[in-house]
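Everything on this sheet refers to the single structure shown next.
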Amino acid sequence: FSVPYIFSFSFIFVSGIIGLVLSTRSRENLKFRQFFIVMGEYLMKYTAKDVCKIYHVNRETLRYYERIGLIRPEIDESNRYRYYDDWSLNFIGECRKYRSMGLSIKDISEILEKDSLQDFTKRLELQQKEIQKQLTFYTKWSKRNEEYIQSLKRLTSLSQCCELSESEPTYFIPFRQKYDQIMNEPTLEAMKALMEHHTFVDSVLYIPSKDFQNYTENFYWGHAICEKWLNDLDIPTDKMMFFPKKQCICTAINAGERWGMNYHLFDHVRQYMSDHQYILDGDIFGNLLTRVHENGNYCRYLEMYFPVKTR
């Protein structure tokens, strides 16, 4: 035998032994089924089960990646098993990475198949803008949620009690007068805009000051949004009522069951105004904070604001 022939044979034999040893050791953690040698390199072949364990994906996800051409496993014709090499695993890892960054499968496919460096950079810049938009939203939502929690915690101390505070500048659209719906076009247009940003919208009770003073029992239900939440929200306010910032008597009431709303729920406010020489200085409104059940009773808690000034 020639020296080159002996050397080649020895190399293949030794590589095979190394591959067998490594394959045996690998089975201690994952049951890799096959391995092969290409140009002297030891390459593993992974089953679908192995890949699912490595990347915590399911078989449906792998099949989906295969259908859209992101990976191309080798299929054993004898048993239809799919085997994935290291190159395929790299693509699967990239898919998982980019999905965790909020990129769509369509984006990922274009990144892995055809994007230039400039294309990829531009794509991430667009994604960064979306992240900043979401960050602004969640920061604002967190602040609103904290204020909401504080209002709920104040309910017990405010119930049938009064305190002075300043109201928030607020935009309001009525959609029901007592029990009759208001279905005109301006109302429907304003409602559509508000419903698209319902996270920052309150259900509101509105009582015109003249009705309250004359005991007419007239009131409106509607939706409102504080002026401070309007930044970055596409909500037109030209067809909405505006409640400016004012000194108010703040109180909490429980309107109870359906049909439970009536002016007698505010008798303690009238008494407080009389005792402290206050008169109404604008229309009354209140946020419906929650509907809950207490001691077997249905409760509708509202945080009410009565704009006032001294006589």
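Heavy atoms only: backbone and side chains are in, while hydrogens, waters and symmetry mates are out.
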>> Tell me the closest heavy-atom pair linking T187 and P174, and the distance in Å.
In response: CG2-O, 3.4 Å
>> Do L288 and W259 land in one hydrophobic cluster if side-chain heavy atoms of ILVMFWY residues count as linked below 4.5 Å?
In response: yes
> Are side-chain N/O atoms of N145 and S142 paired as donor and acceptor at under 3.5 Å?
Replying inline: no
>> I want to check something: taking the side chain as every heavy atom from C-beta on, are M261 and I253 in contact at a cut-off of under 4.5 Å?
In response: yes
> Are the side chain of K246 and the backbone N or O of D281 linked by a donor-acceptor pair below 3.5 Å?
Replying inline: yes
>> Side chains of D107 and Y98 only: does a donor on one sit below 3.5 Å from an acceptor on the other?
In response: no
> Is there a side-chain contact between E66 and I75 (heavy atoms, below 4.5 Å)?
Replying inline: yes
>> As an exercise, state the distance from CD1 of I235 to OH of Y171, rounded to the nearest 0.5 Å.
In response: 11.5 Å
>> Within a 6.0 Å radius of atom NZ on K228, are there more than 12 heavy atoms belonging to other residues, nucleotides or ligands?
In response: yes
>> Give me the atom names and distance for the closest heavy-atom approach of K178 to W221.
In response: O-CD1, 3.8 Å
> Nearest heavy-atom pair of L155 and A252: which atoms, and what distance?
Replying inline: CD2-CB, 3.8 Å
> Between N214 and T216, does any side-chain donor sit less than 3.5 Å from a side-chain acceptor?
Replying inline: no
>> Exactly one of Y272, F285, F212 should register a ring pair (Phe, Tyr, Trp, His ring centres under 6.0 Å) with F306. Which one does?
In response: F212
>> Check K106 with E110, please: is the shortest side-chain N to carboxylate O separation under 4.0 Å?
In response: yes
> When rounded to the nearest 0.5 angstrom, what distance separates OG1 in T136 from CD in Q134?
Replying inline: 9.0 Å
> Does the separation of the ring centres of H223 and F172 fall below 6.0 angstrom?
Replying inline: no
> Is the number of heavy atoms from other residues, nucleotides or ligands within 6.0 Å of CZ (R63) greater than 12?
Replying inline: no
> Does atom NE2 of H264 have more than 12 heavy-atom neighbours from other groups under 6.0 Å away?
Replying inline: no
> Hey, are the side chains of Y263 and I207 touching, using non-hydrogen atoms and a 4.5 Å cut-off?
Replying inline: yes
>> How long is the straight-line distance from CD of Q247 back to CG of L164, given to the nearest 0.5 Å?
In response: 5.0 Å
> Between S159 and N254, is a side chain to side chain contact (heavy atoms under 4.5 Å, CB included) present by the stated rule, with each step listed?
Replying inline: CA-CA 8 Å; S159 182; N254 176 11; 5.9 Å; no
> Hey, what do you get for OG (S88) to CD (E74), rounding to the nearest 0.5 Å?
Replying inline: 10.0 Å
> With a 3.5 Å cut-off and no angle check, do the side chains of Q177 and N218 form a donor-acceptor pair?
Replying inline: yes
>> Nearest 0.5 Å, please: how far is CD1 in I225 from CD in E168?
In response: 12.0 Å
> Name the one of F219, F243, Y305 that satisfies ring pair (Phe, Tyr, Trp, His ring centres under 6.0 Å) with Y206?
Replying inline: F243
>> Would you compute the distance between atom CZ of F175 and atom CD of Q181 and round it to the nearest 0.5 angstrom?
In response: 6.0 Å
> What pair of heavy atoms forms the shortest contact from F266 to L205, and how long is it?
Replying inline: CZ-CD2, 4.3 Å
